[in-house]
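Input: a single structure, listed below in structure tokens.
Since the model is a prediction, treat every value here as computed from it, not as a measurement.
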Amino acid sequence: MNTKNPAAASAARPSLGAQLLRRKPIGQMVSEAGSGEGGTPLVRSFGVFQLTMISVGATLGTGILVILGESVPLAGPAIWISFVIAGLAALLSAVSYAEMAGLVPVAGSSYSYSYATMGEGMAWICGWCLVLEYAVSVAAVAVGAGQYVNETLAAFGQFLPDAISQPPGDGGLVNVPAMVIVILAMLLLVRGARESAWINTAIVVIKVGILIFFCAVAFTAFNAGNFEPLLPMGAAGVSAAASSVFFSYIGFDAASTAGEEAKNPKRDLPRAIMLSMVIVTTIYVLVAVAAIGARPWGWFDGTEAALVQILHEITGQPWIALVFSAGAVLAIASIVLTVLYGQTRILLSMSRDGMMPKVFGRVSRRTGTPVAGTLIVGIAVALAAGLVPLGALADATSIGTLFAFALVNVAVIYLRRNRPDLERSFRVPLYPITPILGTLMCAYLMLNLGADTWITFGIWMLVGVALYFGYGRRNSKVAALSEQDYRELTTRAASPESVKAANS
């Protein structure tokens, strides 16, 4: 490939329309996998167990531990149905993610999948949505840390004043616990991916344990009458709550961002994604049923740290609330750690394509991690977590996530039609019904989000368009390819040799 004359390549760049439609060849993606700016490699250290724990760690806990008090008033006792609906929508997209993760085992997640199928323009939009999904969701989850830190301190008769435990708009000045959790996660990620994965695994075990413990206690106070009437807010309320709690499922795709640090990504990524979805959905529904059974749905309106308060009211033992609150803080830390990890790997992939500044793609030779990018993202997210209220963050995250999920479903359909020759380690069942339903379900949930959320999303997209024209269009490496080189790469399938090299 001729890359010796950058000026000539730049002069031969395609028109705007042609550039927006240029797809990145899958063979090129696979050959580039595993290295950052300058060729420094990432470390392949994850098996299916660690990948599953990354996915569960990024997913499990958010809706139950943080936003249950906001979602139950929308759906009433039928909140568990909302979790099922949101889980079904996530599962329809998860199977598409599983096929694409096995087919294109790289760090870019749905950004890379869109680049391979729909071209640079849609890939940029998807990548910008992923920034909204990952970075903003980290901040949104961390915001809830202040509530559980106070619940933990309450066992000792202490508490943090609202000024330093709540963001502006919620009665405070800055959410210090949220910022601290993000910064600690950032520092851990800088040390190394393997160390971060093992710590995350330990926290996930604790997180699952405290949720099962909650169910065991809550079922001792179960009252079937709390489920009547089942739909006090009607079907519209259930749908609105499903759109809101979909935010709780966004982490499953975090495993796909580890494609370049997995030992056998084509085999293990699909398994990890599907296994994590089964675990998370089962626990969410179980905890929602236990919580409603223990307390009438009206009790949840305006309640913070609802699960801790239920435990305290049922048992009357402060130490139980203390243990659960401490576990909840760890659970939130696990989500922050894994989702922040995913964000840095997506930015690394975008940087490698020239769509983001090179600093995000620099991998440290000592740690095998993108240190500079992790520090930049971590500091930005910490500021957002400390200064922005939860509600605004959660809804904005949901719409960006749903859009990205819809694109992955479309990517599966495109590649099945146009590249049936490619080797697939996992295939979406009931094709094409499943990806079509996944796309429609995502669109349905997006339409149920409020006008303010759509306005926020529109503004975010306008900022993204400005960044693309200001940086991405001029620095895109795919656009810099000569027409001859581009055609040669697009007609070349991902060879078994290149896939084997990427997995080694």
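Contacts of S110 classified as side-chain hydrogen bond (donor to acceptor under 3.5 Å, both in side chains), with partners at least two apart in sequence or in another chain: Y97. Evaluation of the ring-ring contact (aromatic ring centres under 6.0 Å, His included) rule for W299 yields no partner, not counting sequence neighbours. Not counting sequence neighbours, S82 has no partner by the side-chain hydrogen bond (donor to acceptor under 3.5 Å, both in side chains) test. Checked against side-chain hydrogen bond (donor to acceptor under 3.5 Å, both in side chains), Q343 has no partners two or more places apart in sequence or in another chain. Not counting sequence neighbours, the partners of Y111 by the ring-ring contact (aromatic ring centres under 6.0 Å, His included) test are Y115. Every residue two or more places apart in sequence or in another chain that forms a side-chain contact (heavy atoms from CB on, under 4.5 Å) with L187 is listed here: I183. For S334, the side-chain contact (heavy atoms from CB on, under 4.5 Å) test picks out N200, I203, V204, K207, with sequence neighbours left out. Scanning for side-chain hydrogen bond (donor to acceptor under 3.5 Å, both in side chains) contacts around T338 gives an empty result, with sequence neighbours left out.
Applying the salt bridge (Lys or Arg N to Asp or Glu O under 4.0 Å) test to residues at least two apart or on different chains, the pairs with a partner in residues 87-104 are E99-R416, E99-R424.
Rounding to the nearest 0.5 angstrom, the gap separating the OG1 atom in T344 from the CZ atom in F360 is 10.5 Å.
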Atom pairs and distances, donor-acceptor, side-chain atoms in residues 218-242, under 3.5 Å, two or more places apart:
unit_1, atom_1, unit_2, atom_2, d
T220, OG1, V217, O, 2.4
N223, OD1, G225, N, 3.0
N226, ND2, I292, O, 3.0
N226, ND2, G293, O, 2.9
S239, OG, A235, O, 3.2
S239, OG, Y444, OH, 2.6

For residues 434-442, which side-chain donor-acceptor pairs fall under 3.5 Å, sequence neighbours excluded?
unit_1, atom_1, unit_2, atom_2, d
T434, OG1, P429, O, 2.6
T439, OG1, P435, O, 2.9

Side-chain donor-acceptor distances from residues 268-280 under 3.5 Å, at least two apart:
unit_1, atom_1, unit_2, atom_2, d
S276, OG, S55, OG, 2.7
S276, OG, A272, O, 3.1
S276, OG, I273, O, 2.8

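Annotation for V428 and S96: closest pair CG2-CA, 3.7 Å, computed over non-hydrogen atoms.
Under a cut-off of 6.0 angstrom, the local environment of CZ in R191 is sparse, with at most 12 non-hydrogen atoms contributed by other residues, nucleotides or ligands.
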